[in-house]
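Comments concern the structure below.
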Amino acid sequence: MQKRKSDEVMLTCNLTEDQLPFDLDLTLSCGQAFRWEQSSAGWTGQVNGAVVTIRQEGRSLIYNGMDEETLIRYFNLDIHVQNLLEMIRKSITRYSGKQEDSFFETAARRGAGLRIIRQDPWECLISFICSQNSNIPTISRRISLICRQYGKKLDDNRYGFPNPADLAVADEGGIRTCCTGYRAPYLIRTAQAITSDPKLLARIDNLQDEDARKELMKLSGVGPKVADCVLLFAYNRYQVVPVDVWVRTIITGRYPQVQERKGNRKDCSYNDIAEFCRDYFGRYAGYAQQYFFASRLSLPLDDKLNLKNI
DNA sequence: ATCCAGGTACCCA
DNA sequence: TGGGTACATGGA
């Protein structure tokens, strides 16, 4: 009988003090990756093309399907989050003169243990092209359908993420059956661009933020938001701030200083908000943004969906 | 039923 | 450059 992944011996990684806090559930469910599935046994997903399972018991990560080096690299466990938070706090104080930003602290407390992971750029790119104007459950479903139709079959009910060449030759009708709607041609054109320039995503890793962003935005279906998500979640440019409707609402609602940037324009632009966040939160502004996004539903906002004060 | 969602492309002044 | 609009789909 063929040995199943779930029967394989499990490995354990005990987190050190410097690697805490770490919250696996929050990290995998906070809207940065869309293909991890949770069950009673823990999370199942794919890292570097291999099926992996992982669960957390206190300070221990119990996993299989990858080695410890891969685990640490994928979850960025060598990032010292406590120091990172201190850097954000210092930046806030430097900018505002205030000792504490209680709104940020609320988000950081609720998002404690969240970690920005290191995704594969190609998968991240396609995923966030799929993400536009959708909610997270829909995005996950869409990507799952794409893998089922165009990815390599790995086991009974599991498929790999399709390669650029697989999507480049897909027809629009086929992609549309994956609930992609008007995004279908974007996906095909971007897959074709990567297929014809296979080193593009590797080159981007060597570019400065602004140049990297410009290169990404040349791709079909990639605007500022998608480009920034890829820069943050795949290339781990922690100073990059993706601005969606939630982040916009949170920043404009809670940080009136941002309004000064818009000049005589009607509203703050995307870059007004992103640049304010970089100035205010500093070089880990992307992390701050992700704390806000992860705790968006419970943050004290009164101008959005009737959310009440705490 | 209506509104909204990890937006972008396209068009116009 | 900034502002408007169409675009597919599913969840609330």
Side-chain angles (χ1 to χ4, degrees), chain A residues 26-36 107 111 114 116-117 119 121 123-146 149 172-191 193 213-238 240-252 259 261-275 277 285-297 299 301 303-307:
Chain A
L26 189 55
T27 295
L28 293 181
S29 64
C30 71
Q32 55 178 325
F34 303 98
R35 230 151 57 91
W36 286 91
L114 182 164
I116 290 173
I117 62 178
Q119 293 188 57
E123 176 172 342
C124 190
L125 173 63
I126 292 301
S127 298
F128 279 95
I129 291 175
C130 287
S131 80
Q132 59 184 68
N133 216 23
S134 298
N135 53 42
I136 291 172
T138 302
I139 299 162
S140 303
R141 178 160 175 275
R142 189 172 286 149
I143 294 169
S144 171
L145 288 169
I146 289 173
Q149 187 158 337
E172 185 178 328
I175 298 277
R176 276 182 184 263
T177 64
C178 304
C179 300
T180 52
Y182 63 88
R183 303 162 194 81
Y186 303 160
L187 293 167
I188 294 171
R189 289 202 288 263
T190 289
R213 192 173 193 240
K214 277 182 201 158
E215 285 302 313
L216 286 168
M217 287 178 63
K218 288 178 186 168
L219 298 166
S220 179
V222 180
K225 165 65 167 54
V226 171
D228 286 347
C229 285
V230 175
L231 288 173
L232 181 59
F233 300 133
Y235 295 99
N236 288 170
R237 310 285 180 106
Y238 298 130
V240 169
V241 179
V243 179
D244 60 35
V245 295
W246 284 101
V247 173
R248 170 177 291 275
T249 301
I250 288 165
I251 297 301
T252 57
Q259 303 290 343
R261 296 177 182 248
K262 72 182 200 280
N264 51 10
R265 274 178 286 111
K266 196 170 172 217
D267 293 303
C268 285
S269 70
Y270 183 104
N271 285 331
D272 290 337
I273 294 173
E275 283 166 17
C277 288
Y287 247 95
Q289 171 276 150
Q290 197 60 11
Y291 285 128
F292 285 128
F293 183 79
S295 50
R296 64 195 179 284
L297 297 175
L299 284 176
L301 297 168
D303 55 344
K304 182 84 178 175
L305 300 181
N306 298 319
L307 293 179

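Because the structure is a prediction, the values reported are computed rather than measured. Proteins come first, then strands; the chains are lettered A, B, ... in the order of their sequence lines, and each starts at number 1.
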Can you measure Q132(A) atom CD to dA5(B) atom C1' for me and round it to whole angstrom units?
11 Å
Nucleotide nearest K266(A) when distance is taken to its side chain, options dG11(C), dG3(C), dA5(B)
dG3(C)
L125(A) atom CG is separated from dT8(B) atom C1', nearest whole Å, by 14 Å
For the pair N236(A) (side chain) and L231(A) (backbone), establish whether a donor and an acceptor sit closer than 3.5 Å, ignoring hydrogens and angles.
no
Between dG10(C) and dA9(B) - P atom distance, rounded Å
23 Å
Under 4.0 Å, counting only non-hydrogen atoms across every strand here, what does R141(A) touch: a base, just sugar-phosphate, or nothing?
sugar-phosphate
Answer yes or no: is there a donor N or O on one side and an acceptor on the other, between the side chain of Q32(A) and the main chain of T27(A), under 3.5 Å?
yes
I'd like the P distance from dA6(C) over to dC3(B), given in whole Å.
15 Å
Does E123(A) reach the main-chain N or O of A33(A) with its side chain, forming a donor-acceptor pair under 3.5 Å?
no
Parallel, tilted or perpendicular, as decided by the 30° and 60° cut-offs, for the rings of F128(A) and F34(A):
perpendicular
Measure CZ/R248(A) against P/dG7(B) and give the value in whole Å, please.
12 Å
How are the rings of Y186(A) and Y182(A) set relative to one another: parallel (under 30°), tilted (30 to 60°) or perpendicular (over 60°)?
perpendicular
For DNA chain B, whose closest nucleotide is more 5', that of S131(A) or that of R189(A)?
S131(A)
Nearest whole angstrom, please: distance from the P of dA9(B) to the NZ of K225(A).
14 Å
Just by modelled atom types, is the S220(A) backbone N or O under 3.5 Å from a matching donor or acceptor in the R189(A) side chain?
no
Using the salt bridge (charged side-chain N to carboxylate O under 4.0 Å, His left out) rule, pick out the option among K262(A), R265(A), R261(A), R248(A) that qualifies with D272(A).
R265(A)
By centroid distance (under 5.5 Å) and plane angle (under 30°), are Y182(A) and dA6(C) in a stacked arrangement?
no
Name the nucleic acid region contacted by G221(A), choosing base, sugar-phosphate or nothing; use a 4.0 angstrom heavy-atom cut-off, strictly under.
sugar-phosphate
Rounded to whole angstroms, how far apart are CG on N271(A) and C1' on dG3(C)?
16 Å
Mapping V222(A) and P137(A) to their closest nucleotides on DNA chain B, which lands nearer the 5' end?
P137(A)
Taking atom types as they are modelled, would you say the side chain of Y270(A) forms a donor-acceptor pair with the base of dG2(C) within the 3.5 Å cutoff?
no
Could you state the CD1-P distance from I250(A) to dA5(B), rounded to the nearest angstrom?
12 Å
So, is R176(A) near the phosphate of dA8(C), with a side-chain N or O under 4.0 Å from OP1 or OP2?
yes
Between dG6(B) and dT5(C) - P atom distance, rounded Å
23 Å
Starting at atom CZ of R296(A), determine the distance to atom P of dA5(B), rounded to an integer number of angstrom.
10 Å
Applying a 4.0 Å non-hydrogen cut-off, can you work out what I129(A) is touching in the nucleic acid: base, sugar-phosphate, or nothing?
nothing
Applying a 4.0 Å non-hydrogen cut-off, can you work out what V243(A) is touching in the nucleic acid: base, sugar-phosphate, or nothing?
nothing
Would you classify C179(A) as touching base, sugar-phosphate or nothing, given that sugar-phosphate means primed atoms plus P, OP1 and OP2, and contacts are heavy atoms under 4.0 Å?
sugar-phosphate
Measure CD/E172(A) against P/dC7(C) and give the value in whole Å, please.
14 Å
Is any N or O donor-acceptor pair between the side chain of N133(A) and the base of dA8(C) shorter than 3.5 Å?
yes
Under-4.0 Å side-chain N/O to phosphate OP1/OP2 contact, R265(A) with dT1(C):
no
Mind checking if F233(A) touches a base, just sugar-phosphate, or nothing, with heavy atoms under 4.0 Å?
base
Sugar-phosphate, base or nothing in reach of S220(A), heavy atoms under 4.0 Å
sugar-phosphate
Among dT8(B), dA8(C), dA5(B), find the nucleotide with the atom closest to the side chain of N135(A).
dA5(B)
Assign L219(A) to base, sugar-phosphate, or nothing according to its heavy-atom contacts below 4.0 angstrom with the strands shown.
sugar-phosphate
